[in-house]
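When a residue number appears, it is its place in the shown sequence, counting from 1.
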Amino acid sequence: MPGAQIVLAAGPRHSLGLRPDGMVLASGSNTAGECEVDKWRQVISVAAGNVHTARNTGKSHTVVLRADGTVLATGLNSDGQCALEHWRDVTFVAAGWRRTLGVRADGTVYAAGRTAEGACEVHSWQQIIAVACGDWHSVGLRADGTAVATGNDRRGQCAVERWEELIAISAGYLHTVGLRTDGRVVAVGDRSYGACAVAEWEEMLAVDAGSYHTVGVNAAGTVLAVGDNSYGQCEVGRWQNVVAVAAGSTHTLALCADGTVRSTGNNAEAQGEVAHWPPLRIPGTAEPPGSRL
């Protein structure tokens, strides 16, 4: 749904989950402090810095939205992507490689972090209800169901101007996907790994783009995945009763209807160690008691 909050997120080497009490769980690499979330409270949405796995991309950051519209961040802050203390009245957050985006209640967008590729050039955007961060590009979902994008477009990942009737968007390394009101999925960008092969998907409830793969959950609660499977990140065929999915760089997470989380793919940094997590919040459920205090 437009503006829906995110309860499960996957970064390049870490994973995040939101508990029903507004606290955050984290597993995986903590080399930059991206998993130091234990003291956070009254959180309503989580985001993990999205970047493809490479020798120079080992560190990431974590961003969360609190019920009072403020934002917290931890982890790599090399470009000021965690300097978000002044942000107010935020309704949605997203994190990319060395940058963070936040949607304001008035439909405009905050941006902090790396500016080299133009992915932070969002200050003219209006009527935005959600945003997504790829590695080097940013995408915004407007209230009228259309999309806008900025940043690196070398594989056509920003060619979203003709999209209509969208309810969700997601951005990967070099591709972008959108979920339509009719449950169909659209995709643009790099097709060499098969991550854009989503034209046959139907009755989808949610989609998420990893670096080289795309994951979605349908109305039956089953999960579909296409694209690179070199780490087993697309081996989701047996999952059932799923209500949300998250695609990291080389791993995939799924939230089941009972609040438990499943994982597949790269676990070299323990980013897939989520089976021990207590039940997470189910999307669409109420915020924790007292969260607006």
Could you please spell out the steps behind the side chain to side chain contact (heavy atoms under 4.5 Å, CB included) verdict for V7 and L280?
CA-CA 8 Å; V7 301; L280 299 188; 5.6 Å; no
Any chance you could lay out the side-chain hydrogen bond (donor to acceptor under 3.5 Å, both in side chains) test for S78 and R114, step after step, and finish with the verdict?
CA-CA 9 Å; S78 56; R114 183 181 173 91; over 6 Å; no
Take V186 and L166 through the side chain to side chain contact (heavy atoms under 4.5 Å, CB included) test and state the conclusion after the steps.
CA-CA 9 Å; V186 291; L166 298 176; 4.2 Å; yes
Test salt bridge (charged side-chain N to carboxylate O under 4.0 Å, His left out) applied to R142 and D144, step by step:
CA-CA 5 Å; R142 296 192 185 101; D144 64 0; 5.2 Å; no
Start with the C-alpha gap between H14 and T62, add the side-chain angles, then the distance that decides, and say whether side-chain hydrogen bond (donor to acceptor under 3.5 Å, both in side chains) holds.
CA-CA 9 Å; H14 74 296; T62 294; 2.9 Å; yes
Are H137 and V139 close enough, and set up right, to give a side chain to side chain contact (heavy atoms under 4.5 Å, CB included), and what steps lead you there?
CA-CA 7 Å; H137 72 296; V139 186; 3.8 Å; yes
Does H61 form a side-chain hydrogen bond (donor to acceptor under 3.5 Å, both in side chains) with T74? I'd like the steps, not just the answer.
CA-CA 6 Å; H61 70 298; T74 186; over 6 Å; no
List the steps and the verdict of side chain to side chain contact (heavy atoms under 4.5 Å, CB included) for L76 and S60.
CA-CA 5 Å; L76 183 67; S60 183; 5.9 Å; no
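Between the side chain of N50 and the main chain of A171, a donor-acceptor pair closer than 3.5 Å is present. Of the possible polar contacts, one joining the E34 side chain to the A32 backbone as a donor-acceptor pair under 3.5 Å is found. No donor-acceptor pair closer than 3.5 Å links the side chain of R191 to the backbone N or O of V188. Of the possible donor and acceptor atoms, one in the side chain of N77 sits under 3.5 Å from a partner among the backbone N and O of C82. Panel note: side chain N30, backbone C35; a donor-acceptor pair is recorded below 3.5 Å. Between the side chain of N229 and the main chain of C234, a donor-acceptor pair closer than 3.5 Å is present. No donor-acceptor pair closer than 3.5 Å links the side chain of R281 to the backbone N or O of G17. A distance-only check finds no donor-acceptor pair linking the side chain of D79 to the backbone of R98 [under 3.5 Å]. A donor-acceptor pair under 3.5 Å is formed between the side chain of T252 and the backbone N or O of Q233. Put simply, the side chain of D208 gets close to the backbone of A247: a donor and an acceptor are under 3.5 Å apart.
Scanning both residues, A112 and G80, for their nearest heavy atoms gives CB-O, 3.7 Å. In terms of heavy atoms, S170 sits closest to A132 at CA-CB, 3.8 Å. Across all their heavy atoms, L18 and S45 have their closest contact at CD2-N, 4.0 Å. Between A105 and T91 the shortest heavy-atom distance is CA-CG2, 3.8 Å. Of all heavy-atom pairs spanning G172 and A209, the tightest one is N-CB, 3.6 Å. When all heavy atoms are compared, the tightest approach of V236 to L224 is CG2-C, 4.1 Å.
Both L253 and V37 belong to a common hydrophobic cluster when Ile, Leu, Val, Met, Phe, Trp and Tyr are linked at side-chain heavy-atom distances under 4.5 angstrom. A continuous path of ILVMFWY side-chain contacts below 4.5 Å connects L16 to I282, so both sit in one hydrophobic cluster.
For the pair R13 and S249, the minimum side-chain heavy-atom distance is 4.5 Å or more. Residues W277 and S27 are in side-chain contact: their nearest non-hydrogen atoms beyond the backbone lie under 4.5 Å apart. Between Q126 and T108 the shortest side-chain heavy-atom distance falls below 4.5 Å. Side-chain contact between H175 and V177: present, with at least one pair of heavy atoms (C-beta onward) separated by less than 4.5 Å. Side-chain contact between N267 and H251: absent, with no pair of heavy atoms (C-beta onward) separated by less than 4.5 Å. Side-chain atoms of V226 and C196, non-hydrogen and from C-beta on, never get closer than 4.5 Å to each other. Within the 4.5 Å cutoff, no side-chain heavy atoms of N218 are placed close to those of E202. Under the 4.5 Å side-chain criterion, counting only non-hydrogen atoms from C-beta, V148 is not in contact with V160.
Taking the charged nitrogens against the carboxylate oxygens, D182 and R184 have no contact shorter than 4.0 Å, which rules out a salt bridge.
To the nearest 0.5 angstrom, R155 atom CZ is 7.5 Å from Y173 atom OH. For the atom pair R238 CZ and T264 OG1, the distance stands at 11.0 Å (nearest 0.5 Å). Distance CG/L84 to CG/L65: 11.0 Å, rounded to 0.5 Å. Atom OG1 of residue T115 and atom CD of residue E121 lie 8.0 Å apart, to the nearest 0.5 angstrom.
Applying side-chain contact (heavy atoms from CB on, under 4.5 Å) to V103 and the options F92, Y110, W125 leaves one that passes, F92. With S15 as the partner, the side-chain contact (heavy atoms from CB on, under 4.5 Å) test is satisfied by one option alone out of V274, L8, V46, L25: V274.
Remark: E200 CD is loosely packed, at most 12 non-hydrogen atoms of other residues, nucleotides or ligands lying under 6.0 Å away.
A donor atom on one side chain and an acceptor atom on the other are found under 3.5 Å apart for S138 and R99.
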